[in-house]
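Single-structure report; data block below.
For this chain, numbers begin at 1 and follow the sequence in order. Every value quoted in this text rests on a predicted model; they were computed, and no experiment measured them.
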Amino acid sequence: MAAIEIAPRIVVDEKVCFGKPVIKGTRVPVYIVLAKLAGGMTMEQVAEEYGITLEDIQAALAYAASIIANETILPVPSGEQR
């Protein structure tokens, strides 16, 4: 399977990072970009550390936002918790 673009600048390829979404043209997983930002790195630091652009980081954020926007959380009734 060749890389499939699932969002602007975001691709998946079963041969790269176990099929996790990555920044197009790199092996940098989207989740790593998000984790580094959440951990306090600036966008500029992440870009420099991983050799990606600020536009790549914005694309990762937009992709994550689109996933969360379509997520549905269903409550578990109190007697049925695992």
Indicate yes or no for a side-chain donor-acceptor contact from Glu5 to the backbone of Arg9 under 3.5 Å, with no hydrogens or angles considered.
yes
Taking side chain to side chain contact (heavy atoms under 4.5 Å, CB included) as the definition, give me every residue that meets it alongside Gln58, ordered by chain and number, with sequence neighbours left out.
Met43, Glu55
Could you give the distance from CG (Asp13) to NZ (Lys24), rounded to the nearest 0.5 Å?
12.5 Å
Separation between CD1 (Ile57) and OG1 (Thr42), nearest 0.5 Å, reads 8.0 Å
Please tabulate, for the side chains in residues 25-35, all donor-acceptor contacts under 3.5 angstrom to protein atoms that are two or more places apart in sequence or on a different chain.
residue : atom : partner : partner atom : Å
Thr26   : OG1  : Ile23   : O            : 2.7
Thr26   : OG1  : Val28   : N            : 3.0

Compare every heavy atom of Ser66 with every heavy atom of Asn70, then report the nearest pair and how far apart it is.
ND2-O, 2.9 Å
Which atom pair, heavy atoms only, marks the closest approach of Leu54 to Glu44?
CD2-N, 4.0 Å
Is there a path of hydrophobic side-chain contacts, each under 4.5 Å between heavy atoms of I/L/V/M/F/W/Y residues, joining Tyr50 to Val12?
yes
Find out if a path of hydrophobic residues (ILVMFWY) with successive side-chain heavy-atom gaps under 4.5 Å connects Ile4 to Ile10.
yes
With a 4.5 Å heavy-atom cut-off, do Glu49 and Lys36 have their side chains touching?
no
What do the steps show when you test Val11 against Val16 for side chain to side chain contact (heavy atoms under 4.5 Å, CB included), and what is the final call?
CA-CA 10 Å; Val11 298; Val16 177; over 6 Å; no
